[in-house]
Amino acid sequence: MSAYALGFAAVIRYVLPFLSVLLLCACFVPLLKKQTRSRAFLLLEDATQQPVCRVDNVLGSAKDCDVRLPNLAEHHAVLTVNDRSVLIKPLKGHRVYVNKQPVSGESKVSPYDVISVGGHEFTVRRRQSKNALKAKKPLAQPYAVLLLFEFFLWLSFVFTYIDTPLVPALYGAFVAAQCVFFAVSHFAGGHFSFIICYLISLGFTVTAPLGTKAVVKQWICLAIGLLVSAMISFVMKSEDRVVKFKIPAAVSAVALFAFNILYGSIYNGSQNWLSIRSISFQPSELIKVLFIFLSAAGSQLMLKQKNLLGFSLFTLFCIGVLAYLRDFGTALVYFLTYLTVLILRQCPWKIILSVLAGAAVCGGGIVMMFPYVSKRLFSFGQAWSHAYDTGYQQTRTMVAAASGGLFGVGGGKGCLRGITASDTDIVFGLLAEEYGMIMALCAVLCFALLLFYAVHRFSFVSLYHAIPGCAAAVLLLSQAALNVFGSVDMLPFTGVTLPFISNGGSSLLACMALTAFFTGGEQRE
């Protein structure tokens, strides 16, 4: 059995990287195909057709409207077209009629109802949908590759962790639960879900050598995170519910920060941990979910500057508290996410440049006020000159990544595991050493692919869905970039975790909750 296990390990170290590359290609190539998906069209009174491509479509005369009609107000009404119904809602008190009856709120429209908007009359006609089976065919190939990857990874766990059979059993339970989810939801999320499952599998490779307790914790956080994700998706299906929960979400974030300030524990120079009996977590990780949720305002709220001002003040509060707690890496992630929201909301460039200038001044002040920050910043790129002090972790990470080669030394066999934070802040080096540079780079490319996926969907959904989806993707990508490039001395070392992969319950729970913003809410109520 021992010889067989060694032979299997020798083969599997080549199979897993090959399947990783194949999975990324299978998920990426379909997104390159040009798509001109149109959900429906407006049949105007002169028999001309106006295509409707998004879920929520703003009708008006402004340049940023989804459907532009002359002689209308800049933002006149919102037309929602989903798989269940067609809804019309006036904006800013403008008049909208359905069958010559005025409507004040969101009103359901039947297929042959005549809608009157600013002198224009039209009906909404749906495009004939293609065969559902054909729509699922592009998902079959990446799903098969994902299952093959997970099967071989599970076998490697079986042979590697013979003394702790609960480790492969828990990973097998995750794969089984994933299969049930895809079967019940009919591949909800599509290619995006396959990428997330791949990243979670890599997370199991990091925690498996730590023992049964670490894997059980990861399983529990996955389950809780999936439950929170389902709850967020349910809330986002109704615009009224999103508005209703805005204040409770903001209050919850403030309360978490308040508890962190009063009772937080200092770890590695940052007061970013909160302990309740035997459970410790990072409030800033959970607040990320609330932060993205508060960026998801309804269509009519996005047209109001005061709503953007409120979100800006909340962002300033979050970054200020994080700076007080000396968690500057997370503060930078929040700022980049906020910047993304400003751009997607088509905020004037003068305001964006002013925000960047203010951030630069604040950043300079932080460098001057905190000597250890300036020391870390100015030692960036000189890790080998400080191999036994400020550059200790980075130099060991680079050595480990190089020693792993393209295919790695095997799961649980990395020398980097003896270095502090090898499974969190410098986990990229651990992954590269044990499973090879190919799989480590595939993990990094997954985050870029998530952003590409979110931007790709931007053309087909409303700002209501696109803003939180793109913001969540930028948050994950920026955090991954800070972790990876910081650990190999290509950026200043910030100590943030690698999403889905680093060992940490609160981080994994928050990442799972963030997945709701990529796919949640498309089926509007």
Side-chain angles (χ1 to χ4, degrees), residues 3-33 137-161 167-168 171-172 174-176 178-179 182 187 189-209 397 400-414 416 427-453 480 484 488 498-502:
Y4 179 78
L6 290 174
F8 177 79
V11 173
I12 202 67
R13 65 194 292 262
Y14 298 103
V15 174
L16 290 178
F18 170 75
L19 291 175
S20 297
V21 174
L22 193 60
L23 176 62
L24 259 67
C25 291
C27 290
F28 178 66
V29 171
L31 299 181
L32 294 177
K33 296 179 181 179
K137 282 185 178 179
L139 301 175
Q141 181 180 353
Y143 185 49
V145 176
L146 175 65
L147 288 178
L148 276 175
F149 175 85
E150 292 173 334
F151 172 72
F152 282 107
L153 187 59
W154 175 76
L155 284 180
S156 70
F157 285 164
V158 170
F159 288 111
T160 303
Y161 306 106
V167 171
Y171 181 67
F174 160 72
V175 176
Q178 163 203 289
C179 294
F182 284 136
F187 295 98
H191 299 89
F192 157 77
S193 297
F194 302 146
I195 297 170
I196 296 300
C197 290
Y198 173 75
L199 290 172
I200 293 173
S201 295
L202 295 183
F204 273 100
T205 66
V206 173
T207 55
T397 300
S403 63
L406 292 177
F407 303 101
V409 298
K413 299 179 181 178
L416 193 64
V427 71
F428 173 77
L430 181 66
L431 190 64
E433 182 183 17
E434 295 188 349
Y435 288 91
M437 186 58 69
I438 294 177
M439 280 184 62
L441 291 178
C442 284
V444 177
L445 289 175
C446 280
F447 296 102
L449 190 55
L450 289 179
L451 179 58
F452 186 84
Y453 173 84
V484 173
V488 295
L498 187 59
F500 295 103
I501 299 177
S502 291

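One is the number of the first residue; the rest follow in order along the sequence.
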Output the distance between atom [atom1] ([X]) and atom [atom2] ([Y]), rounded to the nearest 0.5 Å.
X: Ile200; Y: Ile501; atom1: CD1; atom2: CD1; answer: 10.5 Å
X: Leu146; Y: Ile196; atom1: CG; atom2: CD1; answer: 11.5 Å
X: Tyr143; Y: Cys197; atom1: OH; atom2: SG; answer: 8.5 Å
X: His191; Y: Gln141; atom1: NE2; atom2: CD; answer: 8.5 Å
X: Leu431; Y: Leu416; atom1: CG; atom2: CG; answer: 11.0 Å

Sub-4.5 Å side-chain heavy-atom contact between [X] and [Y]:
X: Phe194; Y: Phe182; answer: yes
X: Ile195; Y: Phe447; answer: no
X: Ile12; Y: Leu155; answer: no

Under 6.0 Å between the ring centres of Phe204 and Phe500?
no
Under 3.5 Å donor-acceptor pairs involving side-chain atoms of residues 15-32, not counting sequence neighbours:
residue: Ser20; atom: OG; partner: Leu16; partner atom: O; Å: 2.8
residue: Ser20; atom: OG; partner: Tyr198; partner atom: OH; Å: 2.8

Determine whether Met439 and Phe407 satisfy the following criterion, side-chain contact (heavy atoms from CB on, under 4.5 Å), listing intermediate values before the conclusion.
CA-CA 8 Å; Met439 280 184 62; Phe407 303 101; over 6 Å; no
Might you point out which heavy atoms bring [X] and [Y] nearest each other, and give the distance in Å?
X: Val409; Y: Ser403; value: CG1-O, 4.2 Å
X: Gly429; Y: Thr397; value: CA-CG2, 3.5 Å
X: Leu498; Y: Val484; value: CD1-CG2, 4.0 Å
X: Phe157; Y: Ala208; value: CE2-CB, 4.2 Å
X: Gly411; Y: Thr160; value: O-CG2, 4.0 Å

I need the full list of side-chain hydrogen bond (donor to acceptor under 3.5 Å, both in side chains) pairs touching residues 432-445, with sequence neighbours left out, sorted by first then second residue.
Arg417-Glu434
What residues, two or more places apart in sequence or in another chain, satisfy side chain to side chain donor-acceptor pair (under 3.5 Å) together with Ser201?
Tyr171
